[in-house]
Amino acid sequence: MGLVGTALLLFYYLVVDFIAGFIQPFVGNPLIAFGTAVLLSLGLMGIQYVGSTILALDILDATELSREDAPELHDQTEQLSASMGMEKPTLYVADMGIPNAFALGRRNKGHVVLSRSLLEMLTIEETEPVIAHEMAHLYNYGAVVMAMSTVVVRLTGRITSLFVTVFVTITAFMTEFMFGMMTRGRMSAPVNWNRASMRLSALATVMPVLFITVFERLYSRYREYVADEIAVRHTGDPEPMQSALKKIGTVYTQSEAELQMDGLDTLCIFGSSESLLEQVFATHPSMDKRVDRLSRKFGTHESSTE
């Protein structure tokens, strides 16, 4: 997880450094250019971070869960907050159509959203590690890191697209010029260079974004494992977490979950266990892997095959 996080920071630095190089001719001083690039990227991250929180709560029509409606959940959350040394997050409930939970915000200003179907399906003992898992994301500033990685992916795509557009334009002009020269010299063009340049440019546009996306998704999956382990350490027993994961995993497949979440699939608790390609681009590991990992980590007898 540390290596993948370092790679994301490196990608972020490269993107910022490129933007600084673009700005420097206008401001002159390289330090001012780099500082301006950092501020611009941080501004984009802030918009992504705040906007995603507001958007998710609005799309799901989430409502705050009062202590009167769920006193035990509030007691659990207060105890977990004290154990983790962080402020108590605000609890929300939403009709998602699937058993799901996710965290938004940061360590001392966080929100934990629980679906009604999750609360109906799990016992109070099983709900505690699920809340602890989401609070672990807040403690580790998971939303901030993912906002950063999202901005890196988008900026990389925009920068690459700009370069490719310039490259295709110049290549098309040059090939047309060369083709005209060969035609006038009664030669025929052996290769359709325009088509070749278009294919090459398409590949050049996709590959950097694809490469960074793989690292982003890898980081996302590993942070789920880390959050599982933190949750178990603070609740003291891995079996309720494993039981909750297995219950959730038997209800819906990932594709069904993504369909019902209206595009908020990155906030889904589900992970893919199907093809290798699906696993590479999944934001969450499969439930089977999470249960088995907890079994190995804490020496329990629970497993996905039981």
Let me check something: any side-chain donor-acceptor pairs from residues 116-124 under 3.5 Å, sequence neighbours excluded? List them with distances.
unit_1, atom_1, unit_2, atom_2, d
R116, NE, D95, OD1, 2.9
R116, NE, D95, OD2, 3.4
S117, OG, I98, O, 2.7
S117, OG, S115, OG, 3.3
T123, OG1, E125, OE1, 3.4
T123, OG1, E126, N, 3.2
T123, OG1, E126, OE1, 3.4

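- F298 is listed as a side-chain neighbour of V232, based on a closest heavy-atom distance under 4.5 Å.
- Within a 6.0 Å radius of CD in E78, more than 12 heavy atoms belonging to other residues, nucleotides or ligands are found.
- When all heavy atoms are compared, the tightest approach of F102 to M96 is CE2-CE, 3.5 Å.
- Under the rule for a side chain to side chain donor-acceptor pair (under 3.5 Å), K297 has no partner lying at least two apart in sequence or in another chain.
- Using a 4.5 Å heavy-atom threshold, the side chains of I23 and I32 count as separate.
- A donor atom on one side chain and an acceptor atom on the other are not found under 3.5 Å apart for T127 and Q76.
- Partners of H111 by side chain to side chain donor-acceptor pair (under 3.5 Å), not counting sequence neighbours: none found.
- Between L104 and L138 the shortest side-chain heavy-atom distance does not fall below 4.5 Å.
- A distance of 14.5 Å separates NZ in K88 from CG in N108, rounded to the nearest 0.5 Å.
- Counting only residues at least two apart or on different chains, no salt bridge (charged side-chain N to carboxylate O under 4.0 Å, His left out) pair has a member in residues 23-45.
- The shortest side-chain heavy-atom distance between K246 and M287 does not fall under the 4.5 Å cut-off.
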Worksheet entry | Worked check of side chain to side chain contact (heavy atoms under 4.5 Å, CB included) between R223 and H137 | CA-CA 8 Å; R223 78 188 186 113; H137 286 317; 3.6 Å; yes
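- Looking at every heavy atom in both residues, S66 comes nearest to D69 through OG-OD2, 3.0 Å.
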Practice prompt. Just do the side chain to side chain contact (heavy atoms under 4.5 Å, CB included) check on L80 and T235 with the steps written out, would you?
Written response: CA-CA 8 Å; L80 290 169; T235 57; 4.1 Å; yes
Fill in: side chain to side chain contact (heavy atoms under 4.5 Å, CB included) between M241 and L294, worked out
CA-CA 9 Å; M241 170 63 89; L294 289 175; 3.5 Å; yes
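- Between the side chains of D292 and S295, not a single donor N or O lies within less than 3.5 Å of an accepting N or O.
- Side-chain contact between T90 and V112 is absent, with no heavy-atom pair separated by less than 4.5 Å.
- Residues L73 and T77 share a closest heavy-atom pair of O-OG1, 2.7 Å.
- The distance from atom CG of L91 to atom NE2 of H74, rounded to the nearest 0.5 Å, is 5.0 Å.
- Side-chain contact of H234 with Q79: a donor-acceptor pair under 3.5 Å is absent, judged by distance alone.
- Residues passing the side chain to side chain donor-acceptor pair (under 3.5 Å) test with T63, sequence neighbours excluded: none.
- Shortest non-hydrogen contact noted between P89 and S81 is CD-OG, 3.7 Å.
- Residues N100 and I248 fail the side-chain proximity criterion, which asks for heavy atoms closer than 4.5 Å.
- Among residues two or more places apart in sequence or in another chain, the salt bridge (charged side-chain N to carboxylate O under 4.0 Å, His left out) test is passed with D75 by R67.
- Other residues, nucleotides and ligands contribute at most 12 non-hydrogen atoms within 6.0 Å of the OH atom of Y139.
- Side-chain contact between D228 and R293 is absent, with no heavy atoms from C-beta onward closer than 4.5 Å.
- Minimum interatomic distance between V291 and Q242 (heavy atoms only, all atoms of both residues): O-NE2, 3.2 Å.
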Practice prompt. Test side chain to side chain contact (heavy atoms under 4.5 Å, CB included) on I230 and M135 and set out the steps.
Written response: CA-CA 9 Å; I230 292 175; M135 290 177 64; over 6 Å; no
